[in-house]
Structures are given as C-alpha cells and as structure tokens.
Amino acid sequence: MQGVFLTKEKQILNPKGDIFHIMKKSSKGFSGFEEAYFTTILQNEIKGWKKHNEMTLNPAVPLGEVKFVVTDGKGNFKSFQLSPENYYRLTVAPKYWVAFQGLAPQNLIVNIANLEHNPSEAENINLNEFKYEW
C-alpha cells in the first residue's frame, strides 16, 4: 500500500520517566503539521472504519498495545501492532480506511496530523462493512 509505512522512532529510557520521539520536520512521512492529539482505547474495543480524504495520519503508541488495520477497501489489508516495546510511528496517507483495537488494559495513541480536524473530509462506516477477522 503506497503511502502506508512504519518509521522506527527513538526512545530514551530514563529511570524517572521515558521519552518517546514521534516526529520531526525532517522525518519520513512528515507532510506538514496542523494538529496533534491523544486518544485512548479500551482493551478489546475496536474503533473504525474511518477514511480521511485529505488528512495524513501519523499515530504512535507510547502506552499499551494497539493493533491498527489499514485497507484500500478492495480486500487488501495490512495490520500493525504498536507498543512501547515495538515503538514505531505508522504513516497512513489519505484515501485508506483505518480501524484499531486496544490490546492492553490501558492504551494511549498520539497522532500528528497534517490538517486540523474537519468532519466533512472524513468518512465513517461500520466495522462489519469489511470482512476482517479481529
């Protein structure tokens, strides 16, 4: 899937609290910055499917473990499990459908987006619209 890839991000471990890098202007996948936010997802819950028509997503998981699934809507799926132990930033270009599932008791996602949130540029559909085995 062109425009969907992982980037290994730097972690600095510290006994008083760890640092998790997420993105720099020089990072692969950087396409501008207009919004950053955190979201949580409960264990075994699934959020999605959502497709952004203009926004590029750059989520990472500094706490917990989250499974992201990306599809082109034509039966092609790609999954990624992100966590502090598998610390990558996932880049998802516009026009792909995304859903994600919380795998740990507590899960935190940070996302860097190239556009501010605008409900009219995204589409949402029910999870059962695509045949994917969670």
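Starting from 1, each residue takes its place in the sequence as its number. Computed from a prediction, not measured in an experiment: that's the story for all the values here.
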Applying the 4.5 Å side-chain criterion to the ILVMFWY set and letting contacts propagate, would [X] and [Y] be lumped into a single cluster?
{"X": "F5", "Y": "Y96", "value": "no"}
{"X": "M1", "Y": "M55", "value": "yes"}
{"X": "V4", "Y": "M23", "value": "no"}
{"X": "V69", "Y": "V61", "value": "no"}
{"X": "L127", "Y": "F100", "value": "no"}

Check step by step if side-chain hydrogen bond (donor to acceptor under 3.5 Å, both in side chains) holds for H52 and E121. CA-CA 6 Å; H52 287 280; E121 77 75 45; 2.4 Å; yes

Kindly write out the residues that satisfy salt bridge (charged side-chain N to carboxylate O under 4.0 Å, His left out) with K51, not counting sequence neighbours, or none if the list is empty.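 In terms of salt bridge (charged side-chain N to carboxylate O under 4.0 Å, His left out), with neighbours along the sequence ignored, K51 is linked to E123.
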
Cation-pi, Y88 ring and K8 (6.0 angstrom, 45 degrees):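 Geometry flag: set, cation within 6.0 Å and 45°.
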
Here's one to test your reading of the geometry: is the NZ or CZ of K67 within 45 degrees of the ring axis of F80 and under 6.0 Å from its centre? no

Looking only at heavy atoms, which two atoms of I22 and A60 are closest? And how far apart? CD1-CB, 3.2 Å

Minimum-distance pair of heavy atoms, taken over all atoms of G64 and P84: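 Distance-wise, the nearest heavy atoms are O-CD, 3.1 Å.
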
What is the distance from atom [atom1] of [X] to atom [atom2] of [Y], rounded to the nearest 0.5 Å?
{"X": "I12", "Y": "F20", "atom1": "CD1", "atom2": "CZ", "value": "10.5 Å"}
{"X": "E34", "Y": "T56", "atom1": "CD", "atom2": "OG1", "value": "11.0 Å"}
{"X": "K28", "Y": "S31", "atom1": "NZ", "atom2": "OG", "value": "13.0 Å"}
{"X": "L63", "Y": "I109", "atom1": "CG", "atom2": "CD1", "value": "10.5 Å"}

Worked check of side-chain hydrogen bond (donor to acceptor under 3.5 Å, both in side chains) between E65 and Q81: CA-CA 7 Å; E65 185 173 10; Q81 282 189 214; 2.8 Å; yes

Aromatic plane relationship, W49 with F130 - under 30° parallel, 30 to 60° tilted, over 60° perpendicular: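 Plane angle over 60°, so perpendicular.
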
Any donor-acceptor N or O pair under 3.5 Å, side chains D18, N14: no

Check: F38 and L108 side chains under 4.5 Å, non-hydrogen atoms: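 Counting from C-beta outward, L108 and F38 do come under 4.5 Å.
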
Side-chain heavy-atom pair F68, V66 within 4.5 angstrom cut-off: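 The answer is yes, as the side chains (C-beta and beyond) meet within the 4.5 Å cut-off.
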
